[in-house]
Trainee: 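Below are the structure tokens for one structure; questions will follow.
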Amino acid sequence: MQEFPRYLYRAPFVVTGNGPVINDGAVLTENGLVAAVGLYAELKDVDAQVEDYEDHVITPSLVNCHAHLELSYLAGLAEDCPAPGDMVGWIRELLAARAVHGDVAAQNDASLMALARLYAGGCRAVADIGNRKESGLIGGGFKTEVLFFLELLGLCGESEEAALTALAGIDADVRCTAHAPYSSGSALIRALKKRAGGALFPLHVAESAQEIEFLRTGSGPFADFLWERGVTVADFNPPGMGAVRYLDSLGVLDKQTLCVHGVHVEDEEISLLAARGAAVCLCPGSNRFMGVGIAPVQKMLLHGIPLVLGTDSLVSNPHLSLWREMQVLREDNPDLRPEAVFAMASGNGARLLGIEDRIGAIAPGVSSSLLAVRCPLKTEAEVFEYLTSTGTDISLEWLE
Ligand SMILES: [Zn+2]
């Protein structure tokens, strides 16, 4: 007896993700996998239960390349935007709130609720960053796969030494990464990158102008904040350059490096990212909330930089939806091709996370966890436009 019956899902449009949109298409699934995809006319005689999705488009599931599920219990902080661009002010609030919330069970519940929201929005895999090792257990057995990274901070002096010591004691099977060039020191970043080897290495890069000011001059709001936190900022040797150039000077930019945000990068740094093959995770919703600016997406695309999308946490983004990320990205960058934007939220992310053999496109052998998105459109040209501009008004169901 089959574990799953065979289904033939039919829809006016099938977005395969690795080829043209199929008009009046169909997807045959069997035992949790796609067995065939093509024209309905060519597949209609197979022995399978037909499910007709009129007024829908069948698409690959989505991939979220940057989140912090662990912070979900602090979602209330996202009710008010910080002063535009004031990253430091926002971090202050975040740390103050984190210091008074102690109920770990409630925190875990909030993380699971956030994961459920991602799943409800069609997200099949998420690269998740946290500071507690236990957060790596979030999502065990859940339908949205969680690729967890334990993030280490320590800029200089004792705090960096402490992080390096902690790192030495972490089990080899725990993925570890750095937080950002303004919070993880050069020795720590290098050690973490070396430990990651050929695996994905995500870190926050060039998110705010305040970050760049600190890296260039060693002063400004970040320096003041770090002093307050007891970091001996005088021990920090500012590299005197932008975040991307700095990371390259440390030798940590390569195909496995995922620069999250990438808002404040100069033209020369875009060329550098392209030359090293590094990827960028755009977080347009979070960037808008923080008022930190808009990443130079079109220039990055022209340079062939792999681009993916992330929601970031509920603390800097009230909407945990990749549909909304696509919408905001297009509002901010009206010249982007909708097809390219949809790829950022699906196939590009799957490739980056190394799961493209299962997720991110519709082809024989991939997971049959696909999406049927309600899309009352008549022409193929309108499909990607609709998918990437409708935001949280998207209505979908999962095909299994
Ligand atoms: Zn983040």
Side-chain angles (χ1 to χ4, degrees), residues 63-75 77-78 81-82 85-95 97-98 107 110-111 114-115 117-118 123 125-132 135-136 138 146-153 155 175-184 189 192 200-212 222 225 243-244 247 257-265 278-295 307-322 324-325 328-329 344-345 349 352-353:
V63 176
N64 185 353
C65 286
H66 187 69
H68 303 264
L69 295 172
E70 187 185 278
L71 298 177
S72 303
Y73 72 104
L74 299 171
L77 289 179
C81 293
D86 186 12
M87 181 95 201
V88 167
W90 176 82
I91 295 175
R92 265 198 194 96
E93 273 192 46
L94 169 63
L95 293 181
R98 207 157 68 167
Q107 293 176 12
S111 302
L115 194 51
R117 271 173 76 172
L118 282 177
C123 173
V126 54
D128 181 41
I129 313 279
N131 301 121
R132 293 190 301 124
S135 296
I138 294 168
V146 181
L147 202 72
F148 179 75
F149 294 83
L150 182 67
E151 173 186 79
L152 279 85
L153 296 88
L155 182 66
R175 291 182 209 91
C176 293
T177 196
H179 176 248
Y182 62 82
S183 53
S184 305
I189 292 174
L192 284 160
L200 188 65
F201 185 65
L203 75 169
H204 302 87
V205 179
E207 182 173 0
S208 68
Q210 291 176 337
E211 168 185 343
I212 306 304
F222 261 112
F225 166 71
V244 171
L247 291 177
T257 307
L258 177 59
C259 297
V260 179
H261 294 292
V263 175
H264 294 272
V265 291
V280 172
C281 180
L282 305 165
C283 301
S286 172
N287 295 156
R288 181 181 284 187
F289 173 86
M290 302 288 290
V292 290
I294 294 169
L307 298 180
V308 296
L309 282 180
T311 56
D312 219 337
S313 78
L314 278 171
V315 188
S316 65
N317 190 348
H319 305 278
L320 221 49
S321 161
L322 288 159
R324 187 186 180 252
E325 295 307 314
V328 174
L329 186 68
M344 292 177 202
L352 188 81
L353 302 190

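Quick note: numbers below take in every heavy atom, side chains included, and nothing from hydrogens, waters or symmetry partners. Just follow the structure's listing: the first ligand is 1, and inside any ligand the first atom is 1.
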Trainee: Are any N, O or S atoms from H66 nearer to the Zn ion (ligand 1) than 2.8 Å?
Mentor: yes
Trainee: Relative to the Zn ion (ligand 1), which of the N, O or S atoms in H204 is the closest?
Mentor: NE2
Trainee: Minimum heavy-atom separation for P202 to I129, with atom names?
Mentor: CG-CD1, 4.0 Å
Trainee: In the structure I gave you, are the side-chain heavy atoms of Q107 and E70 within less than 4.5 Å of one another anywhere?
Mentor: no
Trainee: Determine which of the N, O or S atoms in D312 is closest to the Zn ion (ligand 1) and give its atom name.
Mentor: OD1
Trainee: Scan side-chain atoms only and decide if D312 and H261 contain a donor-acceptor pair under the 3.5 Å cut-off.
Mentor: yes
Trainee: Could you verify whether a donor N or O on one side chain and an acceptor N or O on the other, from E325 and N317, lie under 3.5 Å apart?
Mentor: yes
Trainee: Report the atom name of the nearest N/O/S atom of H68 relative to the Zn ion (ligand 1).
Mentor: NE2
